[in-house]
Structures are given as C-alpha cells and as structure tokens.
Protein chains: 2
Amino acid sequence: MSDLSAQVWAVDALGALAHETRLSVFRMLVQAGPDGMIAGAIADRTGVPPSTMSHHLATLERTGLVQSERESRLIHYRADYPGMRRLLMFLMQDCCQGAPEMCGDLVSELTCNPASKKDTA
Amino acid sequence: MSDLSAQVWAVDALGALAHETRLSVFRMLVQAGPDGMIAGAIADRTGVPPSTMSHHLATLERTGLVQSERESRLIHYRADYPGMRRLLMFLMQDCCQGAPEMCGDLVSELTCNPASKKDTA
DNA sequence: CACATAATTCGATAACTATCGAAATGAAGC
DNA sequence: GCTTCATTTCGATAGTTATCGAATTATGTG
C-alpha cells in the first residue's frame, strides 16, 4: 500500500522541485541552514514578486520539502530535511530498487568531497 | 559554470519524473533490467495510447533518463543508469550539499534492505 | 510493389501551472 | 482603534504541458 501512495507523493515532490525558482529557493534554504530565511528576503534575493513567491513556497511546503514558522510579523522558511531525505530514499529504494549502477557509492563520493570543491584531489 | 547549467538540466529531469505515467514507466524499466522493454509493451502495460506514450518516452529520453534503440521494427527502451545517477548526485551534492541529515546513511539503509521490505524492522 | 505492423509526428483541444497586481489577513506599535 | 509592515489569498490572464485520433514514417514480408 505504501508504494502506490508513495509514488503519488513523489510525483508531487518532484514537481515541486522541477521549477527553476523553486529549486533555487530550496537550495538557498539548504545553504541558509536551520534558521532558514524570511519570506521577504527569499523574494528579494530571487527578484520574484512576493505574491508569486508565496505560491512557490506554499507548493514546496505542501509536499513537505520546506517548513514555515511565524515569528511575530515575519515568516521563517527552512528546508525540511526529513522530507528531502524521504524523496532521496524513494528515488533510490522504491524507484531504482537500490541498483548499484545508480545508487552505489553515492555517499562515499560525497564523503570524499563534502559539499565543497576546495579539497584538492 | 557546471552548477548553473546543471540546475537547468535538473529542473528538466525532475519534471520528466514528476508525472504519474512517466515515473511508473521509469520504474518499470528499472525492473525490466538492461534489456528494457519494447515501446508497444510499455503502452499496453500502462493502458496509455501509443501516441501519448511516445511523447512521454521522448520526454524521458530528452533528459537522459532513458535510452532507446531500434531493433528492426521494435524500439527498445531501457533505463539510463548514468543519467539517473547524475540526478541523484545533483540532488545530494549540488542541491543538499551532502548534508548528512538528508544524505547520510542512505546507501547503508539500502544495503541493509536491498530493494525489498521482507526484512523486518 | 502492396501489405501489415511498430512507432512516431502532427494538430487540435483540454487541462493544468505560473504570474502578478490588488485586496485581505495577521501582528505590532503608537 | 488607526497605521504600518509582512505575508498571503484572490482573480484574471498568459503560458505550458498533456491527451489522443489521424496521418506519416520506418521496417520487414510475401
């Protein structure tokens, strides 16, 4: 049962990331770390009008890829790490069936180049 | 340079998978293994008319997630493993920056539960 | 070459998604 | 309780993507 509805969710989550603006925002929020960013700052930094950005953020939140929290007048958005992890798990496990040609050694490649290319070969 | 254009490609590839029919087809092709499946069989098995399926397959192929090869009158489609691997790499490395909360231990979870849930918790 | 079969491309229509200004909501501060 | 500021919701329009039958191309067979 989990598999069919997992796919329905995955289609939605993939669709949420399948947009230039939304993918940039998600990456920006990953970079921003646990504090995330304020809605207005996200709109400013991307040059997208607030009402448009609000829709994009709602799309990302609806699929569980970002979370929001109001702090007085400001709304903080942050990347939802478990949500993204769930998507990666779906792709590797349910979709690719863990096939090593696709999934193998991915993490060790990351571990050797942890999120920056400063480290020389 | 690679990062900006990698994102443009990723948006396309994510969009290719962000469709119920196309995601099912991709999973079906992973299951089918290296021989892949014939176009008509894919259409039959999903109940989607051939012309519609042809568009979906073209979308998947355009983004490098499947490959096709003609064998006389039949066209074989197969999952493009390096293409999917590239997408997983993008998501883990460029998008998530290898953050362990999202990317950590994914492969070991796969290794312990290789593509089946028979194994109890 | 006529024929049959596999698949694609064309073309029109329907369905969905994106965009953004204007109006509404929510939260403070005076 | 009026004002201001941050953000969302509404609503209309534009743009993109999906769908599928009909026409076309590619390939093999008698």
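Labels below follow one simple rule: chain letters A, B, ... track the order of the sequence lines, proteins then strands, and each chain is numbered from 1. Keep in mind that what you see is a predicted model, and the values were worked out from it rather than measured.
With no hydrogens or angles considered, no side-chain donor-acceptor pair links B/H76 and B/E69 at under 3.5 Å. Defined by atom type and a distance below 3.5 Å, a donor-acceptor pair is missing between the side-chain atoms of B/R27 and A/Q97.
Counting only distance, with no hydrogens or angles, the side chain of B/R78 and the backbone of B/P34 share a donor-acceptor pair below 3.5 Å.
Atom CG in A/L14 sits roughly 14 Å away from atom P in C/dT17 (whole-Å rounding). Per the geometry, CG belonging to B/L23 stands 13 Å off P belonging to D/dA18, to the nearest Å. Separating the CD atom of A/E69 from the P atom of D/dA6 is a distance of 19 Å, rounded to the nearest angstrom. D/dT17 atom P lies 18 Å from atom CG of B/L57, rounded to whole Å. Nucleotide C/dT19 holds its C1' atom 12 Å from the CZ atom of A/R22, rounded to whole Å. In this structure, A/M37 places its CE atom 15 Å from P of D/dA6, rounding to the nearest Å. Rounded to whole Å, the distance from CD1 on B/I75 to C1' on C/dT5 is 12 Å. Atom-to-atom, NE2 of B/H19 to C1' of D/dT17 comes out at 8 Å; the value is rounded to the nearest Å.
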Close N or O pairs between protein and nucleotides 24-30 of chain C (under 3.5 Å):
none

Distances under 3.5 Å between protein N/O atoms and the N/O atoms of nucleotides 11-16 of chain D, please, pair by pair.
none

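Non-hydrogen atoms lying under 4.0 Å from DNA chain D are contributed by A/P50, A/S51, all within residues 44-52 of chain A.
Grouping the Ile, Leu, Val, Met, Phe, Trp and Tyr side chains by contacts below 4.5 angstrom, directly or via other members, places A/Y77 apart from A/I38.
Members clustered with A/V8: none, using a 4.5 Å side-chain heavy-atom cutoff among hydrophobic residues.
B/D80 places none of its side-chain heavy atoms less than 4.5 Å from the side chain of B/L65.
Residues satisfying the side chain to side chain donor-acceptor pair (under 3.5 Å) test with B/E61, not counting sequence neighbours, are B/S68. Checked against side-chain contact (heavy atoms from CB on, under 4.5 Å), B/H56 has the following partners two or more places apart in sequence or in another chain: B/H19, B/T21, B/R22, B/T52, B/M53.
Checking B/Y77 against A/G15, the closest nucleotide of DNA chain C that is more toward the 5' end is the one next to B/Y77.
Side-chain nitrogen and oxygen atoms of B/H56 include none within less than 4.0 Å of the OP1 or OP2 phosphate oxygen of D/dC20.
None of B/T59, B/I42, B/L29, B/V30 except one satisfies the side chain to side chain contact (heavy atoms under 4.5 Å, CB included) rule with B/V66; the exception is B/L29.
At most 12 heavy atoms of other shown residues, nucleotides or ligands fall within 6.0 angstrom of atom CG in A/D105.
The two residues B/L17 and B/L23 come nearest to each other via the heavy atoms O-CB, 3.5 Å.
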